Amino acid sequence: MVRLPDLRLKPPVTDESFTSPLRSTRLTAVLGIALGLAFAVCFGTGLLSHLIQHPPAWFWWPSRPVGLYRATQGVHVITGLACVPLLGVKLWSVYPKLFEWPPLRSLVHGLERASIAVLVAASLFQVVSGVLNVARWYDPMPFFFTAGHYWAAWLAIGALLVHIGVQLPVVRSALTRPEPDHTAPGTLSRRGLIGTVAATAGLITLSTAGQTVTPLAPISVLAPRRRGDDPQHVPVNKTSAGAGVRDAIFAGTYLLTVTGPGRTVQLTLGDLQALPQHTVVLPISCVEGWSATGTWTGVRLRDLAELVGVDPSHASAYVESLEAQGRYRTSTVAPPHTRDPYTLIALRLGGEPLHPDHGYPARLIAPNRPGVLQTKWISRITIRSAS
Ligand code: HEM
Ligand SMILES: Nc1nc2c(c(=O)[nH]1)N[C@H]1C(S)=C(S)[C@@H](COP(=O)(O)O)O[C@H]1N2
Ligand SMILES: [Mo]
């Protein structure tokens, strides 16, 4: 009798290839819940940061409490960094499923696999691009970081919702029917693994949060921005040399042009110093998650609006820098911040004239605003009536 060869495809890798007894549906469910919560917090705080920087017509952001953005963006970066170990172990707990056989069972199964591919790719992209950004290492990213990170966030959240919808029954049964822990005595237990992941996430938080939570600063050994020898005890984002403004700010010909709908005034540094001076304590809160409190002295923006004949209770301002090029050379101040008496054209920081790298001769400082909108070396302000 002639036997036909068995032509059915066989799985290249079988269940026995993955031997760790630590893997279990319950472990994956616990890690998945933690990661899902962290992603929800990251998505919410990240979207808020995007809306503040690119406000659509319906969006309104208040100028108080002064440190609200400092908190939301601090939480974004702290939670994002805690995702690094969570995502690593979560993927490790499920990667044997990549080798499940047959790889495609039905159209619905294929769609579900495709959503997993999107979820894994977008999640890894978010964590890697976020870490590179806060480390200020832009070279490996041949695209504009913020745009990539923004669109990948929608992909990640969309795929995550599909994933939660598919896996919810599995998670529920894994959490209600306890699975016995098959790990051998003396080796790492499932509970031990969860504890290790939690401790790693906690350590990452403790060693980086000091870039925005001041009491933790001394132990912030991993923070990209630590309080150090920065001029006037505030970190510098872009230096005056990097912005190419040193010649202009030291030429002695500095003029601030303030324009309203019917009047333009030009003010020398002496003119600005002769206007009523006010002192406020406000943080610089960078989108990158670091922040620092400063004591700023200068002229109220609302006083300059009045100077050019605009009612400051309904006004907005467009602020331009001496810096000729650069993404952050201009910013728009919305009505809540323009009328806020804390919003200053600051001339001094910590009682001294502004350091050149902090925006000498004059810079914008407003409450509850991302650092990117606190324009340095300002040369022109255009006031518009918003009523
Ligand atoms: C290690 C993880 C992460 C880090 C370190 C991180 C860091 C950052 C930073 C520095 C920004 C400010 C970008 C800028 O305005 O220049 C940002 C914005 C943002 N992040 Fe993350 N992020 C992480 C994870 C995530 C995750 C998991 C999500 C969502 C699922 C997310 C969603 C967003 C969104 C929507 C923005 C706003 C982007 C924009 O302004 O257009 N991030 N993130
Ligand atoms: N003209 C100009 N202003 C700018 C920037 C810039 O690149 N150019 N960087 C902004 C960013 S991203 C931050 S976080 C703050 C930092 O201010 P500091 O360097 O005084 O701490 O300045 C903002 N003002
Ligand atoms: Mo910034």
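Whatever order the structure lists ligands and atoms in, that order sets their numbers, starting from 1. Worth saying up front: this structure is predicted, and the values here are computed from it rather than measured.
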Query - Check against side-chain contact (heavy atoms from CB on, under 4.5 Å), Leu160 and Ile157 - result: CA-CA 5 Å; Leu160 181 61; Ile157 282 302; 4.2 Å; yes

Requested in this report: Given side-chain contact (heavy atoms from CB on, under 4.5 Å), test Gln277 with Val299 step by step and report yes or no.
Outcome: CA-CA 5 Å; Gln277 303 291 301; Val299 180; 3.7 Å; yes

Report task. Decide side chain to side chain donor-acceptor pair (under 3.5 Å) for Thr257 and Gln266; before the verdict, give the C-alpha distance in whole Å, the side-chain angles of both, and the deciding distance to 0.1 Å. Result -> CA-CA 5 Å; Thr257 305; Gln266 291 203 308; 3.1 Å; yes

Requested in this report: Verify side chain to side chain donor-acceptor pair (under 3.5 Å) between Arg246 and Ser240, making sure each step is shown before the conclusion.
Outcome: CA-CA 6 Å; Arg246 289 188 73 90; Ser240 49; 2.9 Å; yes

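If you look at atom 21 (Fe) of ligand 1, the protein N, O or S atoms less than 2.8 Å from it are His76 NE2, His149 NE2.
Near Val134, the atoms of ligand 1 lying under 4.0 angstrom from a non-hydrogen atom of the residue are 10 (C). The contact set between ligand 1 and Tyr150, taken as ligand atoms under 4.0 Å from a residue heavy atom, comprises 38 (C), 41 (O). For ligand 2, the atoms lying closer than 4.0 Å to a non-hydrogen atom of Thr375 are 3 (N), 24 (N). Ligand 2 places these atoms under 4.0 Å from at least one heavy atom of Lys238: 7 (O). Distances below 4.0 Å separate heavy atoms of Leu81 from the following atoms of ligand 1: 1 (C). The atoms of ligand 2 that sit less than 4.0 Å from any heavy atom of Pro235 are 18 (P), 19 (O), 21 (O). Here is the list of ligand 2 atoms found below 4.0 Å of a heavy atom in Val234: 21 (O). Residue Leu47 has at least one heavy-atom neighbour below 4.0 Å for each of these atoms of ligand 1: 35 (C). Each of the following atoms of ligand 2 lies closer than 4.0 Å to a heavy atom of Val236: 19 (O).
From the protein, the heavy atom lying nearest to atom 2 (C) of ligand 2 is Glu323 OE1, 3.1 Å. The protein heavy-atom contact nearest to atom 13 (C) of ligand 1 is Phe145 CE2, 3.4 Å. The protein atom (non-hydrogen) at minimum distance from atom 20 (O) of ligand 2 is His358 ND1, 2.6 Å. For atom 3 (N) of ligand 2, the nearest non-hydrogen atom of the protein is Lys376 N, 3.0 Å. Protein heavy atom in closest approach to atom 11 (C) of ligand 1: Gln73 NE2, 3.5 Å. The shortest contact between atom 30 (C) of ligand 1 and any protein heavy atom is with Phe39 CD2, 3.8 Å. The closest protein non-hydrogen atom to atom 15 (O) of ligand 1 is Gln53 NE2, 3.2 Å. In this structure, atom 10 (C) of ligand 2 lies nearest to the protein heavy atom Gly371 O, 3.6 Å. Scanning the protein for heavy atoms near atom 5 (C) of ligand 2, the closest one is Tyr328 CB, 3.9 Å. Of all protein heavy atoms, the one closest to atom 41 (O) of ligand 1 is His50 ND1, 2.5 Å. Distance from atom 9 (N) of ligand 2 to its nearest protein heavy atom, with residue and atom name: Asn237 OD1, 3.4 Å. The single protein non-hydrogen atom nearest to atom 16 (O) of ligand 1 is Thr146 OG1, 3.2 Å, given as residue, atom name and distance.
Side-chain contact between Ser331 and Tyr318 is absent, with no heavy atoms from C-beta onward closer than 4.5 Å. Considering only heavy atoms from C-beta on, Thr343 stays 4.5 Å or farther from Ile365 through its side chain. Looking only at side-chain heavy atoms (C-beta outward), Val131 and Val84 come within less than 4.5 Å of each other. Put simply, the side chain of Leu307 does not reach to within 4.5 Å of the side chain of Val258, judged on heavy atoms. Using a 4.5 Å cut-off on side-chain heavy atoms (C-beta onward), Pro312 and Thr338 make no contact.
By the 4.0 Å N-to-carboxylate-O rule, Glu323 lies too far from Lys376 to be salt-bridged with it.
Contact annotation: for Val372 versus ligand 2, heavy atoms closer than 4.0 Å belong to both the backbone and the side chain. Contact annotation for Val131 and ligand 1: heavy atoms of both the backbone and the side chain come within less than 4.0 Å of the ligand.
One finds the CG atom of Leu354 at 7.0 Å from the CZ atom of Arg363 (value rounded to the nearest 0.5 Å).
Note: an N/O pair closer than 3.5 Å links Ser321 and ligand 2 by distance alone. Backbone and side-chain nitrogen or oxygen atoms of Tyr328 are examined, and none is located within less than 3.5 angstrom of a nitrogen or oxygen of ligand 1. The N/O atoms of Glu288, backbone and side chain alike, include none that comes under 3.5 Å of an N/O atom in ligand 1.
Classification of the Trp61-Phe59 ring pair by plane angle, with boundaries at 30° and 60°, yields parallel. Relative ring orientation between His50 and Tyr150 is described as parallel, the plane-to-plane angle staying below 30° on a 0-90° scale split at 30° and 60°.
Within the cation-pi definition used here (under 6.0 Å to the ring centroid, within 45° of the axis), Arg327 qualifies as a partner of Phe144. Arg302 forms no cation-pi arrangement with Tyr342, by the criterion of a distance under 6.0 Å to the ring centre and an angle within 45° of the ring axis.
Results of the side chain to side chain contact (heavy atoms under 4.5 Å, CB included) test with Leu87 over Val120, Val127, Leu31 single out Val127 as the only residue that passes. Applying side-chain hydrogen bond (donor to acceptor under 3.5 Å, both in side chains) to Tyr69 and the options Ser285, Ser49, Ser291 leaves one that passes, Ser49.
Closest approach of Val77 to Val287, counting heavy atoms only: CG2-O, 4.2 Å.
The heavy atom nearest to atom 17 (O) of ligand 2, out of those in Gln374, Arg363, Gln232, is found in Arg363.
Under the salt bridge (charged side-chain N to carboxylate O under 4.0 Å, His left out) criterion, the residue pairs touching residues 95-120 are Glu100-Arg105, with sequence neighbours excluded.
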